[in-house]
Undergrad: 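Structure provided below as structure tokens; questions to follow.
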2 protein chains.
Amino acid sequence: MSVDEVAPHRRGRPPTLKDVASMAGVSIATASKALNNRQHVGAATRQRVQSAADALNFSPNALAQGMVAQRSGTVGLLTSDLVGRFSMPVLRGAEDAFGSEKMSVLLADARDDHIRQQHHLRALLSRRVDGLIVVGAQPDPRPSLGQDLGVPVVYAYAPSDDPQDMSVVADDVAGGRLAVDHLIRCGRRTIAHVTGDPTYGASHDRARGAVERLAEEGLTLAGGEVMYDSWSEAWGRGATRLLLDREPALDAVFAGSDQIARGVLDALLEAGKRVPEEVAVIGFDNWEVLATGSRPPLTTIDPALENLGRVAALRLASAIEGRAGHGVESYPCRLVTRSSTAPLH
Amino acid sequence: MSVDEVAPHRRGRPPTLKDVASMAGVSIATASKALNNRQHVGAATRQRVQSAADALNFSPNALAQGMVAQRSGTVGLLTSDLVGRFSMPVLRGAEDAFGSEKMSVLLADARDDHIRQQHHLRALLSRRVDGLIVVGAQPDPRPSLGQDLGVPVVYAYAPSDDPQDMSVVADDVAGGRLAVDHLIRCGRRTIAHVTGDPTYGASHDRARGAVERLAEEGLTLAGGEVMYDSWSEAWGRGATRLLLDREPALDAVFAGSDQIARGVLDALLEAGKRVPEEVAVIGFDNWEVLATGSRPPLTTIDPALENLGRVAALRLASAIEGRAGHGVESYPCRLVTRSSTAPLH
DNA sequence: CTACTTTCCGAAAACGTTTTAGCGACGTGG
DNA sequence: CCACGTCGCTAAAACGTTTTCGGAAAGTAG
């Protein structure tokens, strides 16, 4: 095994293709072809290059590859709330749809601050991301970033207000319908809906789905109307007390969020109602820490955010390949059954 | 205003320095110096280049800059749980300590899967990150990534098991001490500690801090011992029922997490105890959705994770500049006072 | 022996930037 | 008029890849 002992490589820096090539006694071009399984390389040579690369623990410089390929193998993830419950699952779904091998995720948290967003946007574009996923903190439409960014953009969870853009969101109407459908299947007939901030479009969508499904049974909302206020446990408690006054026959509550549902449960228990025997409760979001810790554990609607992230990544990948889409795509929610609902004896 | 109308630039691609230069009628080198505020450029020329760059909306290709500077301006964030409550604040703190202008964050979620971690590690190194922040899902020590990665590494929240590495963590002992100190200042003397999984080092650290502070007052734990089990609301409820049997005089509970604290509150209320008048409750984590929604809102110990992220970023920046550190640095927790504790009338 | 493939390999250009070295022009002091 | 700086600018190298093109060597057919 005679080796020429060419200068191994500069101290402190990772080995380059040149190092591999000279160790294997071939040109850089040949080394490149060998490692990328291109043809026009002899089997023996290929093997020698491989060994050299392994010995040096060579890993190609993605920046250099990006230069010549004119794509960085990177997507930007622009989010409005990093601590929020909603961006994380999306992010996670996106991250593994891309498979980590070909694509990495560059994260930027804009915190709902417009100028910070512009800042981050410039930084991401400067890094020549191949595409952008924008995930909002609220399910409501948000201003478009515009079409002239030079890279494709997909909006997740919060759609863009420009129909020209591509957005993927959870189907809130179907989610509301699904919740009430489940309660009806449990034999409930006196169903109230306690939900959050009336300025959220999602509140109304969920309520609409709920009311539609009720109507199909010839029913209307217990309490007479949707109870809007805020996304808090406190409101869940307060609304429930009101309801118990107005509707002594109440046998189910659809809560617009798991937080509200927790409040509803609390107030029901306090009033001596048994859940789910007397009153069934269903939440929305499937926020694990809330839904599994409650007494009893909470049946809830899961907006399948991770799936949303996956789809967003897929759509973005397509757009990067040139097959751009547009419009808002809605994806179904999923019923997660725990113990706060059950058939009426 | 005579312009030469040189070929504007290749369609579809972002403008390059060459485009700016030819628009301003200077060489690439001059354009570079002008935009980077280097000397050896005339004032008028500099102005012309600036205008051209603005007109073209030029932003320098960070990949190319990275090639020549031998640093990518990117750090890798390797986390074990992306949905988890703990990595997010750290991430956020890190993200803004870096100022987004000079440094971007490349995200990788390993999900506690060793081979996935190796995968992501290779991807990050291939992208030539300038450094790595590793944030764990649990506060306990984790295996070191090793010293020979070629880039500096800082471990946050979960320290490395190799003292040669640099780790920044929350001071759990001081946190436990702080919790009990607050209860004592509220005049409580019969204080129990309900906490989670006994296999977590953090459980024991918090308990140790608590017991130490009690000892300074000549007190011991109500119930006789630390009550370990799991990080769940259900355990909080169960433990509280046990406690009320054993210690009718109980006037305070230090819960090892906010989830447990929620369970404690529930059980106390159910037993007819008034909080905080009869029994004070303090949690740990300051997990907003749990702590603010409870009845009453929960006083708790905030491990200041965002600060941890900031410090981690700072330490990493130092290490990148060549001033590497090592060892485990602990940072204090913060008391967040809400309504579940109050002075004994 | 010539002409022609086929097979394997290397030289060189290209990607977009920063930096080094050098080159004219111009002014200044002798 | 000459030596010498200084100033403003440009040419070219370098960073680490991939790819194109051409060339050498060897084999095959005439």
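Convention: sequence-line order gives letters A, B, ...; per-chain numbering from 1.
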Undergrad: Expressed as a whole number of angstroms, how long is the span from B/Asn61:CG to C/dT18:P?
TA: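 The answer, rounded to whole Å, is 10 Å.
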Undergrad: Indicate whether the side chain of B/Ser80 and that of B/Arg111 have a donor and an acceptor atom separated by less than 3.5 Å.
TA: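 Checked: B/Ser80/B/Arg111 side chains show no N/O donor-acceptor pair below 3.5 Å.
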Undergrad: A/Leu17 has an atom CG; how far is it from atom C1' of D/dT19, in whole Å?
TA: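 The answer, rounded to whole Å, is 13 Å.
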Undergrad: On a plain distance test, is the side chain of B/Lys33 in donor-acceptor contact with the base of C/dT17 below 3.5 Å?
TA: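 Checked by distance alone, the answer is no.
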Undergrad: Is any side-chain heavy atom of A/Leu125 closer than 4.5 Å to a side-chain heavy atom of A/Leu149?
TA: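 Answer yes - side chains close enough.
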Undergrad: Would you say D/dC9 has OP1 or OP2 under 4.0 Å from some side-chain N or O of B/Thr30?
TA: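 It does not, given that no N or O in the side chain of B/Thr30 lies less than 4.0 Å from OP1 or OP2 of D/dC9.
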Undergrad: Which of these nucleotides, D/dT10, C/dG16, D/dT18, is closest to any side-chain atom of B/Ser27?
TA: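 Minimum distance to the B/Ser27 side chain belongs to D/dT10.
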Undergrad: So if I take residues 122-129 of chain A and measure heavy-atom distances to DNA chain D, which residues fall below 4.0 Å?
TA: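 Under 4.0 Å from DNA chain D: no residue of residues 122-129 of chain A.
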Undergrad: Less than 4.0 angstrom from a charged side-chain N to a carboxylate O is my criterion; do A/Arg92 and B/Asp109 meet it?
TA: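 Yes.
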Undergrad: Quick one, B/Ser167 and B/Glu329 - any side-chain contact, counting heavy atoms below 4.5 Å?
TA: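 When only atoms from C-beta onward are counted, B/Glu329 and B/Ser167 do not touch, as no gap falls below 4.5 Å.
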Undergrad: Taking only the side-chain nitrogens and oxygens of B/Gln70, find out if one of them lies under 4.0 Å from OP1 or OP2 of D/dG16.
TA: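 Answer yes for this pair, as a side-chain N or O of B/Gln70 is under 4.0 Å from OP1 or OP2.
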Undergrad: Do B/Leu77 and B/Leu106 have side chains that approach each other closer than 4.5 Å (heavy atoms only, starting at C-beta)?
TA: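 SC-SC contact between B/Leu77 and B/Leu106 ruled out.
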Undergrad: Determine whether the side chains of A/Asp165 and A/Gln147 contain a donor N or O and an acceptor N or O closer than 3.5 Å.
TA: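 There is such a pair (donor and acceptor under 3.5 Å, judged by atom type) between the side chains of A/Asp165 and A/Gln147.
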Undergrad: Using whole Å, what does the distance between atom C1' of nucleotide C/dT18 and atom NZ of B/Lys18 come to?
TA: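 About 16 Å, once rounded to whole Å.
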Undergrad: The side chain of A/Met67 lies closest to which of these nucleotides: C/dA11, C/dC15, D/dC15?
TA: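 Nearest to the side chain of A/Met67 among the choices is C/dC15.
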Undergrad: May I have the distance from A/Leu56 (atom CG) to D/dG16 (atom P), rounded to whole angstrom?
TA: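 Computing the A/Leu56:CG to D/dG16:P distance gives 14 Å.
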Undergrad: Under 4.0 Å between any heavy atoms, over every strand shown, what does B/Leu63 touch: base, sugar-phosphate, or nothing? Just pick one.
TA: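 B/Leu63: no heavy atom of the nucleic acid under 4.0 Å.
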Undergrad: A/Thr30 versus A/Thr45: any side-chain heavy-atom pair under 4.5 Å?
TA: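 The answer is yes, as the side chains (C-beta and beyond) meet within the 4.5 Å cut-off.
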Undergrad: Would you kindly give the CD-to-C1' distance between B/Gln65 and C/dT19, to the nearest whole Å?
TA: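 After rounding, the gap between these two atoms is 13 Å.
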Undergrad: Side chains of A/Ser160 and A/Arg142: closer than 4.5 Å at any heavy-atom pair?
TA: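 No. Closest side-chain heavy atoms not under 4.5 Å.
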Undergrad: Please report the end-to-end axis angle for the helix from C/dC1-D/dG30 to C/dG30-D/dC1, five pairs per end, rounded to 10 degrees.
TA: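 Rounded value for the end-axis angle: 70°.
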Undergrad: Please give me every residue in residues 36-45 of chain B whose heavy atoms get under 4.0 Å of an atom in DNA chain D, ordered by residue number.
TA: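 Output list: B/His40, B/Val41, B/Gly42, B/Thr45.
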Undergrad: Within a strict 4.5 Å, meaning less than it, do heavy atoms of the B/Tyr331 and B/Asn307 side chains meet?
TA: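 The answer is yes, as the side chains (C-beta and beyond) meet within the 4.5 Å cut-off.
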Undergrad: With side chains defined as the heavy atoms from C-beta onward, is the minimum distance between A/Met103 and A/Ile320 less than 4.5 Å?
TA: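 A side-chain contact exists here, since the closest heavy-atom pair is under 4.5 Å.
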Undergrad: Given C/dT18, D/dT17, D/dA11, identify the nucleotide with an atom nearest to the side chain of A/Ile28.
TA: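 Nearest listed nucleotide: D/dT17.
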Undergrad: Tell me which of B/Ala64 and B/Ala29 sits closer to the 5' end of DNA chain D, going by the nucleotide each one is nearest to.
TA: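 With B/Ala64 and B/Ala29 compared, the 5'-side residue is B/Ala29.
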Undergrad: Side-chain N or O of A/Thr16 less than 4.0 angstrom from OP1 or OP2 on D/dG16?
TA: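 So the side-chain polar atoms of A/Thr16 never come under 4.0 Å of the phosphate oxygens OP1 or OP2 of D/dG16.
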Undergrad: Rounded to the nearest 0.5 Å, what separation is found between the CZ atom of A/Arg13 and the CZ atom of B/Arg128?
TA: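 Result: 11.0 Å between the selected atoms.
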Undergrad: D/dT18, OP1 or OP2 - any side-chain N/O from A/Ser32 closer than 4.0 Å?
TA: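 A/Ser32 to D/dT18 OP1/OP2: side-chain N or O found under 4.0 Å.
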Undergrad: Within the 4.5 Å heavy-atom criterion, are B/Ile133 and B/Leu78 side-chain neighbours or not?
TA: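 Not touching, per the 4.5 Å side-chain cut-off.
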Undergrad: From C-beta outward on B/Arg13, which listed nucleotide comes closest to its side chain: D/dG16, D/dT17, C/dG16?
TA: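 Closest of the options to the side chain of B/Arg13: C/dG16.
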